[in-house]
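Residues take their numbers from the sequence shown, with the count starting at 1.
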Amino acid sequence: MTISPEYSRIIKIESRQEWQSALQEAEKFAICALRILTTGPDPLSERIWLASIALPNKTVSIADCLEADFDILGDLACLLENSRIKKVLFDAKTAVSFIRVAVNRKINARNLFDLMLASQVCWSGFHYLVPSNSPKNPWKKQEPDHSLAALAERHLGIVLAPIDQESNSDADEIDALQHPSPGRFLSPHLIEGVAGESAVLLPIYLILDELLAKNELQRIADLEFRAICALAEMEITGIYLDSCRAERMVQELEYEICRLVWMIQDEAKRKGFVAASQDGRKLSCYLNPERQEEVMAYLNKRGYAVACTKAEVLRGLAAAGCAFAEAILNYRHASFRLAFLNSWLRHLPSRDGRVHPQYFQIPSTTGRISSRNPNAQQIPRAGADAPAFRSLFLPSPGKRFVKADFSAIELAIIACLSGDAAMQEAFRDGVDLHRLTASKISGTVIDQVTDGQRQAAKIMNFLLIYGGSAKTLQYKILSDFGRFIPLEEAEQAVASFFQTYRGVAEWHKRQIAEMSYTVIHHFHSCIHGFFSLPVTAASTVLGRRRIWPRFGTGIRASRFQMFNTPCQGTGADLIKLVMSEVYDKISTENARIIGSIHDEIVLEVPEEGAEEAACNLQQIMQRIGCQLLHPIPVRAEGRVLATLAG
């Protein structure tokens, strides 16, 4: 049985007095639901069409922002900033972005509750098993849907009617939805659709707010709500791309790819390689470097017994002198860089020369921010050609970039999570942990550790804290350094590592033990109400939780996930804490956050205040890092840059 959204009255705002009355009612109740309907998805080129406010007395007020002759958008900005009123929204980042662009000023939003983010926090990692129609794997994983329609159906049993669809005979309605303009007639269907979406927000809020409390996730939800404005600012501001230089680099990469393909084909032809086509019948002398099967077939024909063509496998072969493997690696690298540049150029608008990537706040179970259209997280950080790519990103005239990143933050997080005494002492004394590891493994005095030994120890540190094996270490040393070490030597190095960092070894044991135990996690549905299930869980320092459902006696968590989730999740929490603080304390109309690339924060600020901004950013990062990871002293480095490269 489908239940309709509950509202007692719809008020179509016709005057300033009616609009002020709705805002005063929201002040009286100290809570309201806010829903906007826009002319399109892009806040920089589209406008807010309808704004709807729903109240606990089941009244829904709807204002046409295109038709009104009074300042609705300015009032919406003030409403977002009013800390006395809790604002319940779905996808608050979109609303904040549109309102900020409309009023052309920074929005200091307070007391927000985003249903989408709250749901993602509550259900992080959970999945269902559904039939896959495959005899080999009869079940497949399906994650919960966090759309507004899904939340209304899951928690309230309400099926929302889509507000952007109408019968084909209503041509005026369809035209109004596609091309809204002042004076357009608002049909009853459209009004009821907007009212229905607005009316479900507060009932869903009551459920999710209780669900957060039951699972002790309020602190994480508050962190996510506070970070909304910073992510909105990053999207709206964007970053300037030197498109002329980028296009020249595209041409150079295309030439390099053609050269590499010719080299690969020439070697394959000289060695008499013949590949089967995809239909399995016709034969071709062309070796497709994109197809793993053909690359493997050629390598096997040459006597290299490989089971896959992963980068680490090819790096090992290249280090052993296989020119073909090196050519495939170079081809992949050039292809990836070409795709990266083309993606940025494809999203370059003509209006301001700045690219505006989309940011997603909780796209993964660890809580790390991701980016698309284009992917700002793929801006190169390492590699010989990384500076050339990063130098394509420029500040506006009269401004500079300010960039800051944490020092050895993953190891600092592990030191905090594990309580390892040796790691904590090294951080307190300012000792380089990579040199310390190299010293302990090799028996070399720490002051005499070479750069090569330090680099090998760095690989070991980041591999072993996440549960890497001796065999994996052996392979990494071969692929990255071209040096073969016997498995016994790798096993001895692993043993020495955990002998040095006993707290990490004990933490690994505790995390593995957690795989066999369950905790109670609370859920809600319109059928069962509030209910709980035993789940496997891993948590961050701040309390973010990733859960794995248990189907019978089975378990889906892996050792790597049990080690990785607390560390990566804590890093995500730390970056969001910093972004929120920077938005509150540093960000202005002239100084803005323009990006977050893993553990980097990038600002664009006026040149005359760049050094001060760099100092303030560094202090904020260190202060928040030390608070979160106490007693580990966290260090950050802030720099002023003329380009993203330096």
Side-chain angles (χ1 to χ4, degrees), residues 41-45 80 91-109 112 114 116-117 223-241 343-344 347-349 351-364 367-379 381 390 392-396 399-405 571-606 613-614 616-617 620-621 624 638 641 644:
D42 182 7
L44 295 170
S45 60
L80 290 177
D91 188 12
K93 176 166 67 70
T94 296
V96 170
S97 298
F98 269 91
I99 294 170
R100 172 166 178 162
V101 171
V103 300
N104 193 29
R105 68 173 178 84
K106 177 182 176 182
I107 302 291
N108 295 301
L112 302 182
D114 188 326
M116 180 178 70
L117 297 179
L223 166 61
E224 297 293 350
F225 302 156
R226 191 180 170 210
I228 289 168
C229 289
L231 268 81
E233 177 167 272
M234 285 158 50
E235 286 190 2
I236 291 168
T237 306
I239 186 170
Y240 180 79
L241 175 72
S343 176
W344 280 82
H347 290 93
L348 184 68
R351 58 180 176 266
D352 60 1
R354 300 178 77 91
V355 182
H356 301 267
Q358 288 179 282
Y359 288 92
F360 299 87
Q361 207 162 323
I362 317 180
S364 69
R368 295 191 72 172
I369 296 168
S370 74
S371 174
R372 286 204 303 267
N373 302 323
N375 188 350
Q377 303 290 334
Q378 289 181 343
I379 295 176
R381 293 185 61 185
R390 293 178 74 91
L392 295 173
F393 299 95
L394 306 171
S396 300
K399 293 191 175 183
R400 288 289 182 267
F401 287 145
V402 168
K403 180 180 77 87
D405 55 3
D573 294 343
L574 176 56
I575 284 295
K576 289 176 181 177
L577 285 167
V578 170
M579 287 170 53
S580 303
E581 187 77 0
V582 169
Y583 184 82
D584 288 344
K585 299 294 175 59
I586 297 179
S587 175
T588 65
E589 282 305 305
N590 290 322
R592 297 188 179 189
I593 308 172
I594 63 165
S596 170
I597 307 171
H598 303 303
D599 61 345
E600 291 181 354
I601 298 289
V602 184
L603 313 179
E604 185 178 77
V605 304
N616 291 339
L617 176 59
I620 287 173
M621 293 179 74
I624 292 178
L641 309 174
L644 208 54

Which of these passes side-chain contact (heavy atoms from CB on, under 4.5 Å) with I601: I594, V578, I586, D405? V578
Do NZ/NE/NH1/NH2 and the carboxylate oxygens of E581 and R226 come within less than 4.0 Å? yes
Look at the side chain of K106 and the backbone N and O of Y583, then say whether any donor-acceptor pair between them is shorter than 3.5 Å. yes
Under 3.5 Å: donor-acceptor pair, side chain of K399, backbone of N590: yes
Report yes if some heavy atom in the side chain of H356 is under 4.5 Å from a heavy atom in the side chain of D42; otherwise report no. no
Yes or no on side chain to side chain contact (heavy atoms under 4.5 Å, CB included) for I369 and K576, after CA distance, side-chain angles and deciding distance? CA-CA 9 Å; I369 296 168; K576 289 176 181 177; 3.7 Å; yes
Start with the C-alpha distance between K93 and S97, add both sets of side-chain angles, then the distance that settles side chain to side chain contact (heavy atoms under 4.5 Å, CB included), and finish with yes or no. CA-CA 6 Å; K93 176 166 67 70; S97 298; 4.2 Å; yes
Quick check: are there more than 12 heavy atoms from other residues, nucleotides or ligands sitting under 6.0 Å from CZ of R105? yes
Contact check, side chains of L80 and R100, non-hydrogen atoms, under 4.5 Å: no
List the steps and the verdict of side chain to side chain contact (heavy atoms under 4.5 Å, CB included) for M579 and I575. CA-CA 6 Å; M579 287 170 53; I575 284 295; 3.7 Å; yes
For a 4.5 angstrom cut-off between non-hydrogen side-chain atoms, does D114 reach Q361? no
Under 3.5 Å, is there a donor-acceptor pair between the side chain of Q358 and the main chain of N373? no
Heavy-atom check, side chain of R368 versus side chain of Q377, under 4.5 Å: no
So do the side chains of I239 and F401 get within less than 4.5 Å of each other, counting heavy atoms only? yes
